[in-house]
Structure formats: C-alpha cells, structure tokens
There are 2 protein chains.
Amino acid sequence: MGGNKPRSPLIPPQPLAQFKVGVDNVIFSVDTDQNRLLVLLVMRDAEPFRDRWCLPGTLVRQGESLESAAYRILAEKIRVQNLYLEQLFTFDPSSTEDLRYLSVSYFALAHLAEAELIADGVSGIAWYPVNQVPSLAFNHNQILEYGHRRLCNKLQYSPVAFDVLPELFTLGDLYQLYTTVLGENFSDYSNFRSRLLKLGFLQETGDKTSRGAGRPASLYRFNAQAFAPFKDKPMIFI
Amino acid sequence: MGGNKPRSPLIPPQPLAQFKVGVDNVIFSVDTDQNRLLVLLVMRDAEPFRDRWCLPGTLVRQGESLESAAYRILAEKIRVQNLYLEQLFTFDPSSTEDLRYLSVSYFALAHLAEAELIADGVSGIAWYPVNQVPSLAFNHNQILEYGHRRLCNKLQYSPVAFDVLPELFTLGDLYQLYTTVLGENFSDYSNFRSRLLKLGFLQETGDKTSRGAGRPASLYRFNAQAFAPFKDKPMIFI
DNA sequence: CCAAAAGTGTTCCCGGTACACCCATGG
DNA sequence: CCATGGGTGTACCGGGAACACTTTTGG
C-alpha cells in the first residue's frame, strides 16, 4: 500500500495460448475447354467431417516454414510447372479450447493443362467448378469465397495470369483465361487486345500457332522487364 | 514386401510444430496540422532488442482470439473512438527452432485528434512520422512497410477514411487526409471534390463550420446505405 | 480591403466502349 | 467458298486534369 506497484513482470500474468498451425490451400485452375473456373478439393478420410470435401491442407511440421508447408501439400496433390502462390488470410476458428488451431490459408493459381492430379488411391481428389462446390468441411467454403474474390482482384491489377500461362501463349489464350474468371462480358476482345499490346510488356515472338480452323495466332511472351515500371502502380487491365 | 504399404496412419510420421502466436499492430494516424502520416511505436523494455523501438504487440493468451488480442494491445496504448482495423499478414520469422513464434500483423487507422496516448510510465510510446522511423526490433520495419502499402491502396478503393473521420466532417478534412497519406499532388482539390460529391454517398447536413479565416465549410456525413452499391466494385477515388 | 479557404465552372484530352470490317486458315 | 477464329480501324462518349473564377468569412 503506497508502495510502487510491480510493473512489467517477466512472466505475463495471463497464460499464453499454444497453437498448432494448419495450412489450407485454395488452388484454382482454368478449364479452357469448357470455360469454367475450377478449384481443387480433396475428400477427408478422418474425423471430423469424414467423407466431406475440403481444401487440401496440412499441419505445419517442425522445421518447416508456413510457405514450405503450403508447397508440400500442393506437391502431394498435383504436379505443376507454372504456379502462382500467395498467402490469403489467417483464420482463427476455435478460440475457446486449450490447444488451439490456426489456419493460414494460401491461394494458388495453376495451369490446368500442365497440372497432373496425384491420386493416392485412398481419398478422392478432384477439380470442382467453383460455382458447383458442395458444402465443405470446417470453414472452407468461407476460405474459398475469400480466395475467389482475391483471384478476381489480382487478375485485374497484377500479372498473375502470366505465371500460369505457358511460356508462349496467344492473346486468345490470355483473353479466355480472363473471361473464364471474370465473366463473359468483362471486356470486348479487340479492346482487351489493343489495351494490352499498347502497354508494351507483351513480346511478339514472330512464331504463329494454328489450332484447327481459323487464322493462325501470333505467339507472345511476357516481358518482365518491360512490366517493371507498372509494378505497384494502380494498373487496370479490365 | 509385396504387401500393401501402410497408408494414412492416424499419427503423422513427422512431428508437428508447436507455436506461440504474437500480434503486431501497425497503427497509423494523420497529423492534420503538420500534414504528416504517423505510426505508433513503443520502446521495448525487455530482451531481445531492449531499448529499441517496435510496433505495439502482444502474445495471444488462452481463450482470446487473434482479433481480441489486437484490440487489447491497442486499447492498452491509446484510447480511440474511431478506428479501422484489419488483418495484414502472417509472418513466420523463425522456422528452425523447436518452439516457434508466428506473428500475425494487424493494420489500423486512427483519428489522431481523438486518440489519446496512454503512457504507462515505464516504456516509451510515441507517434513517429512514417518517413522518419528508426530501425525497429524484429522485422517490424518490414511489417510497417507492408502496412503502409496497404493503407495507400485501401484509401483509394475503399471508404476507410470515414471510419476515422468524426461523424461530421468537411470536404477539406477529407481532402487533407488523402493528401497526407497519398502525397501532395494526388489530385486537385476541386476535382477531388466534384468526383466525390457526384458519387452521392456524402450527405450534406446543412450545417457549416468556420475555422479561422476563410469561407465556412459545409459539414458532411458518410452515408453507408448510399455507398452500398459500390461495395466490392472497383471504385477509385484517387 | 485583403488574405485565406470554400465552392463553381469550363475547357481540353485521353482512354474505354462498341462496333464494323479485313485476314488467314481448315474443311 | 464458307465457317471459324485472329487481327485492325474508327467514331463516339465520359471522365479525369488543369486552371480560372466566384463566394464568404476573419482580421
């Protein structure tokens, strides 16, 4: 009483929470044939939520970074060459129990044609059209929804598309990727075309490709150097 | 040999990492007098990094959500009425040790005039102009940088400003907030003005305020209903 | 009456939109 | 020669940028 009150004790008065951390991936892909946006789902083979679909996820192991864990689970499910991966959000589902789980979600975009599914024979794995996904385990519908919004935004102001297209691509390929994700009428093809070409970071290779009927299309290559000035600037493809 | 290989064991073969989780806040504020963007820093009074400035942070306690922890540390440092808070990013600084820490960062924007600093008498606490911050503890310079970018973007396509302005404000107040954060020449005042008014979600109250010399300014109120149609659409104030 | 701040209006120009139209290929 | 997809050009329109100008206060 009247003395100095103890301050900044070394041990905090409240017990700290212990966490296990999970990583959940929202992996998108584009079905260019049927013009659909797909998301990779796996079937749970353990409780809770046994036999429900969910996003591919894993718990983070000792000596493994969050991002490594994201890549690990990804590599267990599909083989891809081209990929874009970024952290989405950290969810905090259960805040009452003693041992808590945190879910750090990642968002990825993969090129379907080059993504080979790895069936492990036990649990199911499948590409689902995003507008037909069933009710998922945990809060995975929420995570998916979140990832979908992010994808739509990213496409408009950042060059993610080129991380997922093959080295050489036609403007038609690019346009189709955009329409499948953003909807049919996001822009006229010819306008999309001229806008992008004017920006000047698409390098014409001179080669052409012929796919069935129709005039052969020029093959382009993304030029990262030429894109550099646009980095972090508010740029809109739309 | 030749038998089925064991699959999906209930206990994963690799030991899982155990985490403690910290929350670090990047709290911005606008000094309208001197036209500076400020960030809240506190002085560390424990190892490591004793006597270095850092972002206000805390470890998450049992029974406390991530967001609660963010609000708690915030409430320990300042008293605010108006505030905007959102999750920034989850950093994974040390991936080698046995007991690992995760840092979930939050980003906040507070109204300076209404934000009263709480000096606890022990450690320092201060608003620093963002372009004059010293070298901080941990990776906090990186987090700050990240938060700063987010702030600049958010201002341009979302109505965060109104979460941080008082109920009634003048267009000058709003303009000043934007110029301080985005730089002096982000837009002409009169253009900023007409663009915003045309959008229609600023309600003129009819009242006016007179601050020193000059013509009195009309007081406006943000109308959330009228803003609703712009939600999630690519809107640009610039 | 002058400085300072709020508010209005006008002009110019770039860039997006909506088309119509030409080109090259397979069948 | 026609369907199919690639590629080019043009005319219109809205909105942003820059800037001049008016209005209302305090000193």
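Note that this is a predicted model, so its numbers are computed, not measured. Each chain gets a letter, A, B and so on, in the order its sequence line appears, and its residues count up from 1.
Note: A:F186 and A:Y175 meet the aromatic proximity criterion, with ring centroids under 6.0 Å apart. Less than 6.0 angstrom separates the ring centroid of A:F162 from the ring centroid of A:F169.
Remark: P of D:dG6 and CG of A:L219 are 12 Å apart, rounded to the nearest angstrom. The CG atom of A:D173 sits 15 Å away from the C1' atom of D:dG7 (whole-angstrom rounding). The distance between atom CZ of A:R211 and atom C1' of D:dG5, rounded to the nearest whole Å, is 11 Å. One can place CG of B:L197 at 10 Å from C1' of C:dG7, the figure rounded to the nearest angstrom. Spacing between atom CG of A:L174 and atom P of D:dG7 amounts to 12 Å, rounded to whole angstrom units. To the nearest angstrom, P of D:dT24 lies 5 Å from CZ of B:R215. A:E204 places its CD atom 14 Å from the P atom of D:dG6, with the value rounded to the nearest Å. In this structure, A:F186 atom CZ and C:dG16 atom C1' are separated by 13 Å, rounded to whole Å.
Cation-pi check for B:R195 over B:F192 is not met; the charged atom does not lie both under 6.0 angstrom from the ring centroid and within 45 degrees of its normal.
In this pair, B:H148 and B:F28 present their aromatic rings tilted. The plane angle is within the 30 to 60° band.
Between B:S190 and A:S218, it is A:S218 whose nearest contact on DNA chain D lies nearer the 5' terminus. Each of A:G212 and A:S194 has a nearest nucleotide on DNA chain C; the 5'-most of these lies closest to A:S194.
You'll find that the side chain of B:L171 is closest to C:dG7, out of D:dT25, C:dG7, C:dA24. You'll find that the side chain of B:D188 is closest to D:dC19, out of C:dG26, D:dG6, D:dC19. The B:N191 side chain lies nearest to D:dA17 when the options are D:dA17, D:dG7, C:dA5. Among the nucleotides D:dG6, D:dT25, D:dT4, the one closest to the side chain of A:A213 is D:dT4.
Side-chain nitrogen and oxygen atoms of B:Y189 include none within less than 4.0 Å of the OP1 or OP2 phosphate oxygen of C:dA6. The side chain of A:R193 contributes an N or O atom lying less than 4.0 Å from OP1 or OP2 of D:dT8.
Of all heavy-atom pairs spanning B:A108 and B:L85, the tightest one is CB-CD1, 3.7 Å.
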